[in-house]
Visitor: 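This is the structure, below, for whatever I ask next.
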Amino acid sequence: MFERFSDDERAIEGLPVRLVIALVVGIASLSVMMNTLGGLTALGVTELDVKPQPEVVAEGSNEITVTVVTPKGEPVANATVVAKDGTATLSKIQPAKTGPDGKATLQLAPSLGPNQEEGTITLDVKPPASGGYTDERENTNLLVVAGQSS
């Protein structure tokens with residue numbers, strides 16, 4: 001029995017090839033399963049964005065209305081919008097909560113640095129606890145322009 005196995009060169013040569021094929025198939029299958037499991041956490045979660053009005057403001061005191069929306073454009077109530085420094089500066093972080101129409105009003109007084117013609121204010125969203133919302137991606141920023149009136 002052992003003599004036949006030692007005389008058969010095909011078994012020894014074919015074994016490594018079969019192991020490599022099994023390993024490649026196994027890794028590919030594992031990759032597909034991991035991608036599937038990774039996508040499960042995103043199921044049922046809706047990414048939010050903001051729509052500031054106006055989108056461009058001047059330095060100094062401005063009243064900005066921000067609407068929090070879903071990708072389909074539907075307004076989201078009870079979300080908290082936070083305005084903070086981007087490349088333009090605010091004296092303090094400004095939060096506001098959206099009403100039933102998905103709108104929040106912020107009183108902002110952005111300023112630009114010396115020789116700075118434009119800058120941005122970052123608008124972040126803290127989604128409401130219910131509804132399956134998230135805010136992972138970058139939102140629309142508010143543009144601040146020197147010497148412009150809103």
Side-chain angles (χ1 to χ4, degrees), residues 11-150:
I12 294 172
E13 291 174 1
L15 183 61
V17 172
R18 289 184 189 123
L19 285 175
V20 169
I21 291 171
L23 182 64
V24 169
V25 170
I27 290 174
S29 299
L30 181 62
S31 174
V32 169
M33 286 189 294
M34 294 303 291
N35 283 335
T36 302
L37 291 176
L40 290 178
T41 59
L43 291 177
V45 177
T46 304
E47 179 69 27
L48 298 179
D49 195 10
V50 296
K51 289 186 175 182
Q53 190 61 35
E55 293 180 351
V56 180
V57 297
E59 291 180 273
S61 184
N62 294 281
E63 182 176 287
I64 310 299
T65 302
V66 178
T67 306
V68 177
V69 294
T70 65
K72 294 180 181 178
E74 301 163 340
V76 178
N78 298 319
T80 302
V81 179
V82 180
K84 53 188 176 177
D85 295 346
T87 54
T89 306
L90 292 173
S91 59
K92 61 182 178 175
I93 294 175
Q94 296 282 327
K97 194 164 193 115
T98 60
D101 58 355
K103 295 183 180 190
T105 303
L106 297 163
Q107 296 294 329
L108 303 177
S111 60
L112 297 169
N115 300 320
Q116 188 178 1
E117 294 295 319
E118 64 181 43
T120 58
I121 297 297
T122 302
L123 299 169
D124 290 334
V125 179
K126 182 187 179 304
S130 62
Y133 299 113
T134 187
D135 184 40
E136 299 293 326
R137 296 187 200 130
E138 186 176 347
N139 297 317
T140 303
N141 291 328
L142 180 66
L143 181 62
V144 180
V145 181
Q148 292 280 12
S149 60
S150 55

Visitor: Would a 4.5 Å heavy-atom cut-off, applied to side chains only, mark Val76 and Thr98 as touching?
Guide: no
Visitor: Keeping Ser29 on the side-chain end and Val25 on the backbone end, is there a donor-acceptor pair under 3.5 Å?
Guide: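 Yes: the side chain of Ser29 pairs with the backbone of Val25.
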Visitor: Nearest heavy-atom pair of Leu106 and Ala96: which atoms, and what distance?
Guide: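 Smallest interatomic distance, heavy atoms only, reads CD2-CB, 3.4 Å.
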Visitor: Could you check whether any side-chain N or O of Asn62 sits under 3.5 Å from a backbone N or O of Gly60, counting only pairs where one atom can act as donor and the other as acceptor?
Guide: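 Flag set: sc Asn62 to bb Gly60 pair under 3.5 Å.
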Visitor: Please list every donor-acceptor pair under 3.5 Å in which a side-chain atom of residues 81-91 meets a protein atom from a residue at least two apart or in another chain.
Guide:
from: Lys84; atom 1: NZ; to: Asp124; atom 2: OD2; distance (Å): 2.9
from: Asp85; atom 1: OD1; to: Leu90; atom 2: N; distance (Å): 2.5
from: Thr87; atom 1: OG1; to: Thr120; atom 2: N; distance (Å): 2.8
from: Thr87; atom 1: OG1; to: Thr120; atom 2: OG1; distance (Å): 3.3

Visitor: Between Glu63 and Pro54, what is the shortest heavy-atom contact and its length?
Guide: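 Shortest heavy-atom separation between Glu63 and Pro54 comes out as O-CD, 4.1 Å.
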Visitor: Provide the closest heavy-atom pair for Ile121 versus Pro110 in the form atom of the first, atom of the second, distance.
Guide: CD1-CB, 4.0 Å
Visitor: Hey, does Leu108 have a side-chain heavy atom less than 4.5 Å from the side chain of Leu142?
Guide: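 In short, these two side chains touch, coming nearer than 4.5 Å.
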Visitor: To the nearest 0.5 angstrom, please state how far the CD1 atom of Ile64 sits from the CG atom of Leu123.
Guide: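 Reported to 0.5 Å precision, the distance equals 8.5 Å.
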Visitor: Provide the full list of salt bridge (charged side-chain N to carboxylate O under 4.0 Å, His left out) pairs with a residue in residues 93-118, sequence neighbours left out, each pair given once.
Guide: none
Visitor: Locate the shortest heavy-atom distance separating Ile93 from Pro95; write the atom from each residue and the value.
Guide: O-CD, 3.5 Å
Visitor: Under the 3.5 angstrom rule, does the side chain of Glu47 hit a backbone N or O of Glu136 as a donor-acceptor pair?
Guide: yes
Visitor: Taking the side chain as every heavy atom from C-beta outward, state whether Glu55 and Leu143 have any atom pair closer than 4.5 Å.
Guide: no
Visitor: Do you know the tightest heavy-atom contact between Ala77 and Pro128?
Guide: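 For Ala77 and Pro128, the tightest heavy-atom pair comes out as O-CG, 3.5 Å.
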Visitor: How long is the gap from OG1 on Thr140 to NZ on Lys51, to the nearest 0.5 Å?
Guide: 8.5 Å
Visitor: Evaluate the criterion side chain to side chain contact (heavy atoms under 4.5 Å, CB included) for residue pair Gln53 and Thr67; output intermediate values, then yes/no.
Guide: CA-CA 8 Å; Gln53 190 61 35; Thr67 306; over 6 Å; no
Visitor: For Lys72, enumerate each residue passing the side chain to side chain contact (heavy atoms under 4.5 Å, CB included) test, keeping only those at least two apart in sequence or located in another chain.
Guide: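 So Lys72 forms a side chain to side chain contact (heavy atoms under 4.5 Å, CB included) with Thr70, Glu74.
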